[in-house]
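Reading through the structure tokens given below for one structure.
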Amino acid sequence: MDTIPSRYNPKETEDKWYALWQEQEFFRACPDKAKKPYCIVIPPPNVTGILHMGHALNNSIQDILMRYHRMKGFESLWMPGTDHAGIATQNVVEKAIAKEGLRRNDLRREQFIERVWQWKEQYGSTIIKQLKKLGASCDWQRLRFTMDEEYSKAVVEVFVRLFEKGLIYQGSYIINWCPRCATALSDEEAPHHELQGNLYYLKYPYKRDPAKFVVVATTRPETMLGDTAVAVNPKDKRYKKAVGQTLILPLANRQIPIIADAMVDMKFGTGAVKVTPAHDPNDYLIGKKHGLACINVMFPDGRLNEQAGDYNGMDRFEAREVIVEDLKEQGLLEKIDPHPLSAGHCYRCHTIIEPYLSKQWFVKMKLLAKPAIEAVKKGKVKFYPKRWTKVYLDWMENIQDWCISRQIWWGHRIPVYYCNQCLEAGKSKMSNPKLKINSKFQNSKHENGIIVSRSKPEKCPKCGSTDIYQDEDVLDTWFSSWLWPFATFYWPFDALNAERATQNANDLKYFYPTSALVTAPEIIFFWVARMIMAGLEFMKEVPFKDVYIHGTVRDIEGKKMSKSLGNIIDPLEIINEYGADALRFSLISITSQGQDVYLSKDRFEQGRNFANKIWNASRLVLMNLDPGRARADLCVFFKKESLSVVNRWILSRLYSTLKEVERSFSEYRFNEAANLLYSFFWHDFCDWYLEVIKADIRNTHNQVVMYKVLEKFLRAMHPCMPFITEEIWHLLPGATDSIMRQSWPHIQEQIIDKKLEKEAESLFSVVTHIRNLRAQLGIALDQAVVVSVYPHTVSKRKLVEEYASLITNMAKLQTVYSLSHNKRPVRAISSVTEDVDIYLHSEGVIDADKEKEKLVLKIQELRKLAHAKEARLANNDFVTRAPAEVVAKEKEGLAELSGTLARLEKMAKELA
RNA sequence: GGGCAUUUAGCUCAGUUGGUUAGAGCGCUACACUCACAUUGUAGAGGCCAGAGGUUCAAGUCCUCUAAUGCCCACCA
């Protein structure tokens, strides 16, 4: 046993055990009717991703839940996979090919997609490897990818079903357009951020009298070339006469009307607003109401187009400057006021989005949202912490239609086909039903010529023409992710042979609804809410019962960790330096429910140190088990009464701790569980128990108990720290199998004895007091001293006398005398516990004044407490209204305090 | 403009349904390398629980207001 090194080295153990677990298929989960299912689907990381601290936290939590439930006897499935992450991945690959001097459009679509697949093959498994490093116990045989062939079938199926149900429609609306990514974005993908802008006051001259103007205020003057009206509030007296008149749009020299609309806020700006239906969602609504034309003045890349005349080809922000300059020259700029405004930003590349009129596909959400709202209200899905319920409900109750088409190449192609012949026949002038520049306002459905189909049709079902082409757009990534809890089981099974179809249907039936979803608050809308809707729509059942929302990982200054800020702490670096167990434990121990996590690197030392502590305590235990002792000898059961107080104490502490840990896990209080285990092991087991029994460590009872406690602790600890617990498990005598396959320790309630815990701890407190006295006098440890104690109760006297050697050993004494009288010995300094007077005999001179001062301070402190209690007990309201047990406790406390006080006062008198 | 969260030791944070001497880790001070562990041990210092009101026998905990910080949502051009 002395071959065990004194430091735990995670590098020597982690990969070894992970390989074994995988080889033995311990992560595999298959329906087992004898067992209850437990299932978590992983939030699929982006296939382009690399593991960051957020992942580390997220997956540590999931792995703890998985391992815990597995040990608790559940058939436990952790479904792994990755997300194709349309825009994100496309951007990454575009950057990669840019290094070869290529742009996306230099390649054909198929070529580009081929490049993405290549990229995926090469780098797509990075994050999976990293999750393995972390210890993630996913059923890797089930690894899924949102662009898998079968998964794609699910996506198409869902699109078709929703279309047939009338919940998917195509239409021209103002959407969020990212000019850099050249695609539409959903509202959720275009979060608003405040930025410092200007409010430009522009003068639009009247046609009748060009010397007179209406002044409009705008933050985006470059869109003025697309203005088709100026609107005022009908109640606005300033503009009473103006309504109906015609203005000359400067620079463009077009005539535009002044219209009245209640949407206009009289208090803002000048009360007159320029109306640009093609470039602003509100203006669009006004335009629609008043039948205004939509003039799109921009190319999809954010440059002004030919509609902008002289400004054609100019970038939108450059054009802003130039247009303002030109207006100024013409005397048509009244003023510029600084004005903070908030604008949508592309969540992928952070470019300011452009509200842009285009034809897109949408999902009607109201109908889907309804049952999903109900489900949460009825508690079929529960959020932890609870407060997210409200966030979810607020969003769901105000849900907007979901723009699902994206003008990129990497993703699920929209299963919509167009028949050229029917389109022609349908008098549609659109040669390309996609982006129209400067088309007149349209809201047609183009029912004619549109074919929505699960597979590419050979010919048009209407006219039989083969002149058919597929919609160029792909679907929003989340339109596939929202199916994750059931599509990962190969739903709708069509792509499978009969045998596999049956098997997967069984799996789905067994594991769905899944048990818990663990994720970050950022994606409640993107993902969680939509999964609930999809689950209810297609499975007729919620996708998960619990949603645990953990905090965001931030750096020590509270900033979100991100590459661009350069404040990343790389989890792999931490694993390399401190070990995966240390990483996991440290993360868990500081994640109180739903709070953000502020991290600095030194936090991981705690985990590392704890691992080392476990390692060394185990060493001590192992080194002191009799060599021949078989496992069976160590599993014997002793009658409680035959065990020493200390043995009974540690067992009681073990089970009370485990009981609390269980409760913490069930409430998703991981930090609490971690800290309970930590404090039990370090302080109770190591600091007291092992130190106490060291003197007689080969005693049979002691061997059995220390073994038992260690063994159970390891099992309890395994979900948090899987590697080190496995390593030590195999060092235990007679170890077979893996700790993963053991059950989580059963809690033996009958062994929990709170009174006994207190008694043992009062014994320990005598030791602490003596150590304190030693430290006060600066007595070195090798200087054996003599102590006398006077216990004030019979039972304590018995305890102290029985465990005199414990006190002697732990406080490094020569002897401890139990006094039969409570008279202060000469040449001694004193201390008092609740019911034991302690005197440490000193050879040297005792400073009586100092000793007295100490006593007086203590007396004062206790008196204050006693007075407070007296006052409380004297209060009739308290005595009559507080629960009897609280009053009783208070009385007890006062009695104890009074006793102690009396003793202290007597001591003080003796000193005088 | 709405909503949520946070404010407790020098630092980072725990503190369940109110119950009475407010805890942990790190850091700090003093002492200690006798063989489980210096990634350690022993002892200690350190808190008007953001502020002001209120409810209650009892408030870090519940209510109201205020302040600071952070986050989310929202079409003031």
Side-chain angles (χ1 to χ4, degrees), chain A residues 2 4 6-8 174 191-192 199 216-220 223 231 263-265 267-270 272-276 280-285 339 341-342 355 385 387-388 390-391 394-395 398 521-522 524-525 551-552 554 556 558 560 578 582 586 589-590 592 594-600 602-603 605-606 608-624 663-664 667 669 671-672 675 678-679 686-687 690-691 694 768 771-776 778-782 812 861-862 864-865 868-869 872 875-883 885-887 889-890 893 897:
Chain A
D2 19 51
I4 305 176
S6 69
R7 285 198 184 177
Y8 172 61
I174 299 279
H192 283 64
L199 199 50
V216 297
T218 180
T219 54
R220 295 188 298 149
T223 63
M263 267 177 79
V264 179
D265 180 357
K267 283 177 287 219
F268 190 90
T270 59
V273 57
K274 64 193 234 10
V275 182
T276 325
D280 183 278
N282 283 324
D283 293 3
Y284 178 80
L285 290 175
H339 181 71
L341 60 105
S342 92
R387 66 169 186 275
W388 295 109
K390 192 170 143 36
V391 175
D394 284 351
W395 186 73
N398 298 301
E522 295 96 88
I524 291 178
F525 306 143
T552 307
R554 299 173 183 285
I556 208 68
K560 202 167 160 173
Y578 299 97
S586 297
S589 70
I590 53 175
S592 67
Q595 290 309 123
D596 285 354
V597 181
Y598 291 63
L599 267 189
S600 67
D602 53 15
R603 285 310 300 243
E605 284 173 15
Q606 194 196 358
R608 177 200 58 185
N609 294 356
F610 187 40
N612 200 52
K613 191 71 178 177
I614 297 173
W615 182 252
N616 276 293
S618 305
R619 259 180 95 206
L620 175 70
V621 171
L622 290 167
M623 286 188 329
N624 288 290
R663 199 176 59 156
S664 303
E667 291 166 4
R669 297 170 175 276
N671 65 322
E672 202 172 72
N675 292 328
Y678 178 93
S679 151
C686 293
D687 290 350
L690 289 179
E691 290 301 330
K694 233 181 213 175
T768 305
R771 285 169 172 170
N772 188 346
L773 291 176
R774 284 189 79 116
Q776 269 176 46
I779 302 171
L781 275 179
D782 53 3
K812 302 269 189 276
E861 188 193 325
L862 294 188
K864 251 202 228 157
L865 291 170
K869 286 198 193 298
R872 230 167 277 141
N875 182 343
N876 195 40
D877 284 337
F878 174 69
V879 179
T880 51
R881 292 194 201 183
E885 70 227 48
V886 172
V887 178
K889 204 172 152 196
E890 205 65 1
L897 271 175

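The chains referred to below are lettered A, B, ... by the order of the sequence lines, with proteins before strands, and numbering in each begins at 1.
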Quick one, [X] and [Y] - any side-chain contact, counting heavy atoms below 4.5 Å?
X	Y	value
A:Thr219	A:Leu199	yes
A:Arg220	A:Asp280	yes
A:Lys274	A:Thr223	yes
A:Leu620	A:Lys694	yes
A:Asn282	A:Ile174	no

With a 4.0 Å cut-off on heavy atoms, is [X] in touch with a base, just the backbone sugar-phosphate, or nothing at all?
X	result
A:Glu691	base
A:Val264	base
A:Phe610	nothing
A:Arg774	nothing
A:Asn398	nothing
A:Thr768	sugar-phosphate
A:Glu885	nothing

Provide, to the nearest angstrom, the distance between the [atom1] atom belonging to [X] and the [atom2] atom belonging to [N].
X	N	atom1	atom2	result
A:Asp265	B:rG1	CG	P	14 Å
A:Phe268	B:rC75	CZ	C1'	12 Å
A:Arg387	B:rC73	CZ	P	15 Å
A:Arg619	B:rU39	CZ	C1'	13 Å
A:Leu620	B:rA36	CG	P	6 Å
A:His192	B:rC76	NE2	C1'	12 Å
A:Ile4	B:rA36	CD1	C1'	10 Å
A:Met263	B:rA74	CE	C1'	14 Å

Less than 4.0 angstrom between a side-chain N/O of [X] and OP1 or OP2 of [N], yes or no?
X	N	result
A:Asn772	B:rG44	yes
A:His339	B:rC76	no
A:Lys694	B:rU34	no
A:Arg7	B:rU39	yes
A:Ser342	B:rA74	no

For nucleotides [N] and [M], find the distance between their [atom1] atoms and express it as a whole number of Å.
N	M	atom1	result
B:rG18	B:rC63	P	11 Å
B:rG47	B:rG53	C1'	23 Å
B:rG46	B:rA22	C1'	14 Å
B:rG19	B:rC62	C1'	14 Å
B:rG3	B:rA74	C1'	11 Å
B:rU7	B:rC49	P	14 Å
B:rC65	B:rC75	C1'	33 Å
B:rU12	B:rU21	P	29 Å

Just verifying a value: how many Å separate [X] [atom1] and [Y] [atom2], rounded to the nearest 0.5 Å?
X	Y	atom1	atom2	result
A:Asp283	A:Met263	CG	CE	8.0 Å
A:Arg603	A:Glu605	CZ	CD	10.5 Å
A:His192	A:Leu341	NE2	CG	9.5 Å
A:Arg608	A:Trp615	CZ	CH2	16.0 Å

- Task: Just compare B:rU16, B:rC4, B:rA77 and give me whichever is closest to any side-chain atom of A:Arg669.
- Result: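 Looking only at side-chain atoms, A:Arg669 lies closest to B:rU16.
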- Message: Which nucleotide wins on minimum distance to the side chain of A:Asp687, given the candidates B:rU40, B:rA43, B:rU42?
- Response: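 So the nucleotide nearest the side chain must be B:rU42.
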- Item | Nucleotide-resolved protein contact map, nucleotides 18-30 of chain B, B/S/- at heavy-atom distance under 4.0 Å | -BBB---S-----
- Check RNA chain B for consecutive Watson-Crick or G-U pairs with both distances under 3.5 Å and list the runs of at least three as stems.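 Stems for RNA chain B, defined as runs of 3 or more consecutive pairs: B:1-7 with B:67-73, B:10-13 with B:23-26, B:28-32 with B:40-44, B:50-54 with B:62-66.
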- Whichever of A:Thr270 and A:Ser618 has its nearest RNA chain B nucleotide further upstream toward 5':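 Looking at the nearest nucleotide for each, A:Ser618 comes out on the 5' side.
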- Message: Here's a test of your reading of the structure: between A:Lys812 and A:Arg663, which maps to the more 5' nucleotide of RNA chain B?
- Response: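 Closest to the 5' end, via its nearest nucleotide, is A:Arg663.
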- Task: Taking all non-hydrogen atoms of both residues into account, name the closest pair between A:Ser589 and A:Asn671 and its distance.
- Result: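 The answer is O-CB, 3.5 Å.
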- Query: Residues in ring pair (Phe, Tyr, Trp, His ring centres under 6.0 Å) with A:Phe525, at least two apart?
  - Reply: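 Result, ring pair (Phe, Tyr, Trp, His ring centres under 6.0 Å) vs A:Phe525: A:Trp395.
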- Message: Less than 3.5 Å apart, any donor N or O on the side chain of A:Arg619 or A:Asn616 sitting next to an acceptor on the other?
- Response: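 A pair is found: one side chain offers a donor N or O, the other an acceptor, under 3.5 Å apart.
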- Spell out yes or no: do the side chain of A:Arg771 and the base of B:rU42 have one donor N/O and one acceptor N/O closer than 3.5 Å?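 Flag unset: no donor-acceptor pair detected.
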